[in-house]
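What follows is a set of notes on a single structure, which appears directly below.
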There are 2 protein chains.
Amino acid sequence: MSGDPATHLVHGLQRWRQRYPALQNCAVRDVLDQLADKWSVLIIIALAAKPHRFGELKREIVDISQRMLTQTLRDLQADGLIEREVFPTTPPSVEYRLSPLGKSFLAPLSALVAWTEENHGAIREAREEFGKAA
Amino acid sequence: MSGDPATHLVHGLQRWRQRYPALQNCAVRDVLDQLADKWSVLIIIALAAKPHRFGELKREIVDISQRMLTQTLRDLQADGLIEREVFPTTPPSVEYRLSPLGKSFLAPLSALVAWTEENHGAIREAREEFGKAA
DNA sequence: CAGCATCCAGGCTGATACTG
DNA sequence: CAGTATCAGCCTGGATGCTG
């Protein structure tokens, strides 16, 4: 039992939970409020493959607006998850890449993505079922 | 290298990425758009310890409003992550608990929580540094 | 106790137009 | 190319009052 990494993590969650009885002012909220928006995760996933220029990101995340891309990139940079490098060419080009901190986030993120993929079907079924009941 | 679970997961992310070149209509977006709001994760964490009644949840997540608690619980139920049981007592009591699907979510969630906890300091420093630069 | 209905302010978000 | 600026709609989310 103690050898299972998933079980180990869940136990860690229990221990963590005792430190925040009111679920306030905890790292989860401070960090997730930033990361859990509509676009951050998608940008990080895109940058996981390789550094991207602004236009590349815009083309890959097809339905993001320029405004939201700029804004989200800035927020991710502020949190130290991505790095921004400007090349003073004409026309100018800017490259975004994951920082070491950002790369370290790929591990938990991957687990999350894998879970969503595995359980997408079950969730969609549950939604339909729930829709019928209502 | 191939034995490292984290490395394995990141490789999974790369493979997954190839299926969604435009990062659209993928499970991540469909699922995360629901889970990545302000309260879902906190409710799941609270329910991870034990089933809760409505009022218990309200007291544990001190700054959630009644409206948001009701709404988020309903959404989580619709997605099949939690189960709702009504006891026809007077006054009535309602119990919420994680479904098997919800429990399976604890593994990736724990990894995420652990990461936020470990890197909270680095992120806060990055924010301050970024604030000075601007 | 557990919830619903209503109202309302504020922020998120996209569309559009413009700049170095 | 890589942004900035402005405007307007929508939806989140809180406050309040009421019900079974």
Side-chain angles (χ1 to χ4, degrees), chain A residues 22-24 29-43 46-47 50-79 82-97 130 133-134, chain B residues 22-25 29-44 46-47 50-79 82-97 130 133-134:
Chain A
L23 288 170
Q24 262 192 149
R29 294 187 64 164
D30 192 30
V31 175
L32 256 50
D33 280 358
Q34 174 56 49
L35 256 38
D37 62 86
K38 203 173 174 184
W39 305 111
S40 292
V41 164
L42 294 181
I43 291 176
L47 292 181
K50 63 167 176 49
H52 280 66
R53 295 179 52 184
F54 186 89
E56 284 180 307
L57 284 171
K58 181 81 180 63
R59 277 188 298 277
E60 284 206 20
I61 308 172
V62 295
D63 53 350
I64 193 174
S65 70
Q66 193 183 48
R67 175 197 170 89
M68 281 301 102
L69 181 54
T70 302
Q71 193 170 302
T72 310
L73 284 170
R74 229 171 260 308
D75 291 342
L76 289 174
Q77 189 193 355
D79 278 11
I82 66 177
E83 290 161 358
R84 178 179 188 268
E85 186 175 6
V86 182
F87 297 96
T89 55
T90 40
S93 85
V94 181
E95 193 171 279
Y96 296 90
R97 78 188 80 234
F130 190 80
Chain B
L23 288 170
Q24 262 194 149
N25 302 117
R29 295 187 62 164
D30 192 30
V31 175
L32 256 50
D33 281 356
Q34 175 55 49
L35 256 37
D37 62 86
K38 202 173 176 183
W39 306 111
S40 292
V41 164
L42 294 181
I43 291 176
I44 292 173
L47 292 181
K50 63 169 176 49
H52 280 65
R53 295 179 53 184
F54 187 90
E56 285 181 308
L57 284 171
K58 180 83 181 64
R59 276 188 298 276
E60 284 205 20
I61 308 172
V62 294
D63 54 351
I64 193 173
S65 69
Q66 191 185 49
R67 175 196 170 88
M68 282 302 104
L69 181 54
T70 302
Q71 190 171 303
T72 310
L73 284 170
R74 227 171 260 310
D75 291 343
L76 290 174
Q77 189 193 356
D79 277 10
I82 67 177
E83 290 161 358
R84 178 179 189 269
E85 185 175 7
V86 181
F87 298 95
T89 55
T90 40
S93 84
V94 181
E95 193 171 280
Y96 295 91
R97 79 187 80 233
F130 190 80

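Letters A, B, ... are given to chains in the order of the sequence lines, protein chains preceding strands, and every chain is numbered from 1. In this text the structure is predicted, and so the values were computed from the model without any measurement.
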Distance, rounded to the nearest Å, where [X] contributes [atom1] and [N] contributes [atom2]:
X	N	atom1	atom2	result
Arg74(A)	dG3(D)	CZ	P	7 Å
Ile43(B)	dG13(D)	CD1	P	11 Å
Phe87(A)	dA2(D)	CZ	C1'	14 Å
Asp37(B)	dT12(D)	CG	C1'	10 Å
Lys58(B)	dG13(D)	NZ	C1'	13 Å
Ile61(B)	dG14(D)	CD1	C1'	16 Å
Arg84(B)	dC1(C)	CZ	P	16 Å
Phe54(A)	dG20(C)	CZ	P	18 Å

When you measure from the side chain of [X] to the backbone of [Y], do you find a donor-acceptor pair of N or O atoms at a distance under 3.5 Å?
X	Y	answer
Lys38(A)	Asp33(B)	no
Thr70(B)	Gln66(B)	yes
Arg29(A)	Leu23(A)	yes

Item to check | Shortest side-chain distance from Pro92(B), nucleotide among dG3(D), dC1(C), dC4(C) | outcome: dC1(C)
Next on the checklist: By nearest atom, which of the nucleotides dC1(C), dG3(C), dG3(D) is closest to the Val94(B) side chain?
Outcome noted: dG3(C)
Would you say that [X] contacts [Y] through its side chain, given a criterion of any heavy-atom pair below 4.5 Å between the two side chains?
X	Y	answer
Tyr96(B)	Leu76(B)	no
Leu73(A)	Arg84(A)	no
Asp75(A)	Gln34(A)	yes

Checklist entry - Within less than 4.0 Å of OP1 or OP2 of dA2(C), is there a side-chain N or O belonging to Arg53(B)? => result yes
Checklist entry - Among residues 64-72 of chain B, which residues get a heavy atom nearer than 4.0 Å to DNA chain D? => result Ser65(B), Gln66(B), Arg67(B), Met68(B)
Next on the checklist: By the 4.0 Å heavy-atom rule, please label Tyr96(B) as base, sugar-phosphate, or nothing.
Outcome noted: sugar-phosphate
Checklist entry - Roughly how far apart are Leu47(A) CG and Glu60(A) CD, rounded to 0.5 Å? => result 9.0 Å
